[in-house]
Amino acid sequence: MIEVEATVIEFIPNAMHDEFDSGAFASYDATRLRLLAPPHLRGNTLTIYHNESPAATSPWREINRKMRFSMKEGDLKGEQLLFDGAVYDVRDAT
């Protein structure tokens with residue numbers, strides 16, 4: 001696990017949609033982050049999709065909000081698109 005510090009740069013309602021064979025569908029909001037730490041990831045972006053829409057007062061929606069969380073470094077490979085279940089112990093960093 002690594003400790004990540006990031007700033008929210010964008011909140012995107014209904015950023016992704018799933019359509020199921022049953023005819024049902026799901027919609028996911030997303031938060032784009034600019035990574036600040038650890039130093040070797042500084043400047044990279046990470047998009048977190050939310051299984052449930054964050055509350056209107058959630059830090060996930062607040063542009064320029066700094067937060068810290070833990071995650072598996074191996075999850076930061078490829079396109080850097082993750083669901084919120086991949087981040088742990090989310091807390092304020094301001």
Intermediate values then yes/no, side chain to side chain donor-acceptor pair (under 3.5 Å), N14 and S27: CA-CA 5 Å; N14 302 309; S27 178; 2.6 Å; yes

Ring geometry between F83 and Y28 (parallel below 30°, tilted from 30 to 60°, perpendicular above 60°): perpendicular

side-chain contact (heavy atoms from CB on, under 4.5 Å) between R42 and N44, worked out: CA-CA 6 Å; R42 186 176 183 85; N44 290 352; over 6 Å; no

Exercise: identify the closest heavy-atom pair between W60 and M67: CZ3-SD, 3.7 Å

Verdict with supporting geometry, L35 and T45, side-chain contact (heavy atoms from CB on, under 4.5 Å): CA-CA 6 Å; L35 303 182; T45 59; over 6 Å; no

Residues clustered with M1, ILVMFWY side-chain links under 4.5 angstrom: Y88

Single-linkage hydrophobic cluster L82~L33, side-chain heavy atoms < 4.5 angstrom: yes

Partners passing side chain to side chain donor-acceptor pair (under 3.5 Å) against D21 (at least two apart in sequence or in another chain): none

Minimum-distance pair of heavy atoms, taken over all atoms of T31 and V8: CG2-CG1, 3.8 Å

Main-chain N/O of G43 paired to R34 side chain as donor or acceptor, under 3.5 Å: yes

Shared hydrophobic cluster for I63 and F69 (ILVMFWY, side-chain gaps under 4.5 Å): yes

Distance in Å, I9 CD1 paired with R32 CZ, rounded so as to fall on 0.5 Å steps: 4.0 Å

Closest heavy-atom pair and its distance - R61, P54: NE-O, 2.8 Å

Nearest heavy atoms of R68 and A93, plus distance in Å: CG-CB, 3.6 Å

Considering all heavy atoms, the nearest G85-N51 contact: N-ND2, 4.5 Å

Electrostatic pair D92:R65 at N-O distance under 4.0 angstrom: yes

Minimum heavy-atom distance D29-P13, with the two atoms named: OD1-CA, 3.2 Å

Single-linkage hydrophobic cluster, 4.5 Å side-chain cutoff, V87 and L41 together: yes

Min side-chain heavy-atom separation Y49-D84 under 4.5 Å: no

Whether over 12 other heavy atoms sit under 6.0 Å from F20 CZ: yes

Hydrophobic cluster membership, V90 vs L36, 4.5 Å side-chain cutoff: no

